[in-house]
Every structure is written in C-alpha cells, then in structure tokens.
Amino acid sequence: MWVIEGQFDGLDEQNRTKRKVLYPGQKYPLGRNADTLRLMPKVVSGEHAYIIVGPHPVSDADDPSVIPKLEYTQNNQKKAAGLERAGEDQVDVSPNRTVELKDGDIVRLSKGPTLVSFHWIAVNVLIRSGVSRDERTSLVQSLAKLGIKSTRVWSPAITHVVFASVAFPYDFKVLTSLVHGTYFVSPAWLHYVAQHADAPHVQPDDDDIETYAGTFSGLEEAEFCPDAAGLAAWRPNPQRSTLFQGLKFVLLTVTD
C-alpha cells in the first residue's frame with residue numbers, strides 16, 4: 001500500500017512528521033486547504049498539488065508484482081516542485097506537469113524546505129486457516145482497497161501468514177515463513193485491517209477518531225498473534241534469513 005509522509009496538520013511547528021495511507025482509486029488535494037493532506041507552511045498554496053492513486057481491483061489482489069500507479073501533479077501556477085529520486089538528478093515539476101512516483105521518492109514543494117515522501121509498503125497476506133470461504137471473499141475485497149495482496153499460495157514475497165493456531169509438527173510453509181521473517185497473525189488481524197480499509201478516505205472531523213487517512217502508525221501485528229506456544233519465537237527476526245549462510249547440505253540416498 002502507498003503511504004505519504006510529511007509535516008501534516010500543523011506538525012511543521014513541532015518539526016515532526018505524520019504518515020497517511022493513500023487509498024487506491026483516489027485523488028488527493030495537497031495543500032493548506034486540503035482535508036486529508038493538509039500542509040500549513042506559507043510557501044504552500046491552498047491546493048498546491050494533487051496526488052493521484054491508480055486503481056487496485058480485486059483481480060490484482062493475488063499478484064504481488066502489481067503496484068497501483070502513483071502520480072504527482074503540480075497545481076501551483078507560480079512555482080515548480082522538485083522531485084528527488086535516489087541515484088538520479090533532481091527533476092523540476094513545473095505547473096500543471098504530472099510525474100509518476102516510485103517508492104522512496106521525495107517531492108520538495110516550491111523547492112523549499114517543505115517536503116513529502118512516498119513509500120510503498122508491501123503487504124502480501126497468505127490466509128492459511130481460521131477464515132471461512134465467504135468471509136475470505138469479503139476480507140480480500142476490503143484489503144484490496146488499501147493495496148494489500150491476499151493469496152493462498154506461499155511465495156518468498158509473503159509478508160504475513162494468517163493462522164487460527166500453530167502447532168507442532170510444523171509444515172514446509174510454516175518453517176519457510178519463519179526463515180523469511182514473515183509475520184504470523186490471527187484471523188482477528190484481518191478484520192482489524194479491513195475495518196481501516198472500509199473507513200473514510202478523509203480525516204474525520206472528530207479528532208478522537210483515528211483512521212489510516214488520519215494517521216498511519218503501523219498494522220499492529222504484535223497485538224494479533226495466533227494461538228501458539230512460545231509466541232516470542234514466532235516474531236520476525238532478520239537474523240533467520242542468514243541462518244544457513246555458508247553451510248552446505250549433503251543428501252544421501254540409498255539405492256539397490
């Protein structure tokens with residue numbers, strides 16, 4: 001899913017940033033008068049720019065390689081923006097020009113200190129157990145609204161595996177997921193994320209209601225562990241990816 005980070009909602013005065021989810025199929029004004037992506041510095045105009053997120057239909061939900069298109073359009077008619085991309089020279093984004101964005105891109109509004117950055121957070125979910133067929137159909141549709149992938153087939157791209165419970169003996173998919181540093185979550189996690197996917201795409205008037213459009217701080221995986229003994233051992237550990245590094249395995253067979 002696409003996330004934008006910047007000093008939204010007056011955080012420029014505190015020198016802090018806030019992350020917000022950009023929902024597929026939406027067009028977001030960015031500026032002082034914007035509802036969701038509100039930036040208050042004086043160099044920013046009312047509707048300084050637009051962020052356009054391409055569609056992510058359910059038909060794309062099982063393909064981790066498909067990323068919704070993300071575009072930035074400079075609406076300010078007086079000043080250009082500056083697009084910064086790792087390993088490349090800065091690109092001027094003149095008024096009315098539209099550029100396609102990539103993960104890690106930074107846009108400097110009016111080429112000044114005010115900037116926003118864009119991040120693609122890959123969330124590829126393998127649903128193993130604890131979800132009925134009808135329930136799964138509804139959940140997949142909701143998750144697709146965030147750009148989250150859902151599948152029944154394991155691959156190295158999987159980031160989350162959904163289990164009602166995990167018990168010994170562990171099968172190949174469980175062991176491989178552990179080595180790859182995959183999150184193990186309960187079916188309740190799917191419902192938690194789906195609620196956010198179905199929430200309003202703009203910041204609500206009530207500041208006490210937090211949505212991904214208002215503030216995105218993470219997917220709270222630690223709060224939704226499946227039933228399993230020794231839960232600490234199931235948490236992602238980057239060191240597992242090098243567990244067998246430098247080792248050789250020799251398989252011996254017996255033939256007549």
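Below, all heavy atoms of this structure are taken into account, side chains as well, without hydrogens, waters or symmetry copies.
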Tell me if the aromatic rings of Tyr28 and Tyr50 count as close, with their centers under 6.0 Å from one another. no
Would Lys145 pass as a cation-pi partner of Tyr23, given that its NZ or CZ must be under 6.0 Å from the six-membered ring centre and within 45 degrees of the axis? no
Sub-3.5 Å donor-acceptor pair from the side chain of Ser138 to the main-chain atoms of Asp134, do we have one? no
Apply ring pair (Phe, Tyr, Trp, His ring centres under 6.0 Å) to His160 and list each qualifying residue two or more places apart in sequence or on a separate chain. Tyr183, Trp189
Are the side chain of Asp63 and the backbone N or O of Ser65 linked by a donor-acceptor pair below 3.5 Å? yes
Taking the side chain as everything from C-beta on, heavy atoms only, tell me whether Leu190 gets closer than 4.5 Å to Leu143. yes
Sub-3.5 Å donor-acceptor pair from the side chain of Asn124 to the main-chain atoms of Pro64, do we have one? no
Closest approach of Val44 to Arg32 (non-hydrogen atoms, all atoms of both residues): O-CD, 2.7 Å
Minimum heavy-atom separation for Thr36 and Asp9, please, with both atom names. O-OD1, 4.3 Å
For Val66, the hydrophobic cluster (side chain heavy atoms closer than 4.5 Å, chained through members) also holds none
Minimal heavy-atom distance between Val153 and Leu126, with the atoms involved, is N-CD1, 3.5 Å
When you measure from the side chain of His191 to the backbone N and O of Ala188, does any donor-acceptor pair fall under 3.5 Å? no
Verify the neighbour count for atom CG of Leu247: are there more than 12 heavy atoms of other residues, nucleotides or ligands below 6.0 Å? yes
Measure the shortest side-chain to side-chain distance between Phe118 and Leu70 over non-hydrogen atoms and say whether it is less than 4.5 angstrom. yes
Judged by modelled atom types alone, do Asn96 and Gln77 share a side-chain donor-acceptor pair under 3.5 Å? yes
Using every non-hydrogen atom in the two residues, find where Lys78 and Pro95 come nearest and quote the distance to one decimal. N-CG, 4.4 Å
Could you report the tightest heavy-atom contact between Ser142 and Ala197, atom names first, then the distance? O-CB, 3.1 Å
How far apart are the C-alpha atoms of His119 and Leu22, what are their side-chain angles, what is the distance that settles it, and do they pass the side-chain contact (heavy atoms from CB on, under 4.5 Å) test? CA-CA 10 Å; His119 311 274; Leu22 300 172; over 6 Å; no
Pair Glu84 + Arg108, salt bridge at N-O below 4.0 Å: yes
Restricting to non-hydrogen atoms, name the atom on Val162 and the atom on Val125 that form the minimum distance, rounded to 0.1 Å. CG2-CG1, 3.6 Å
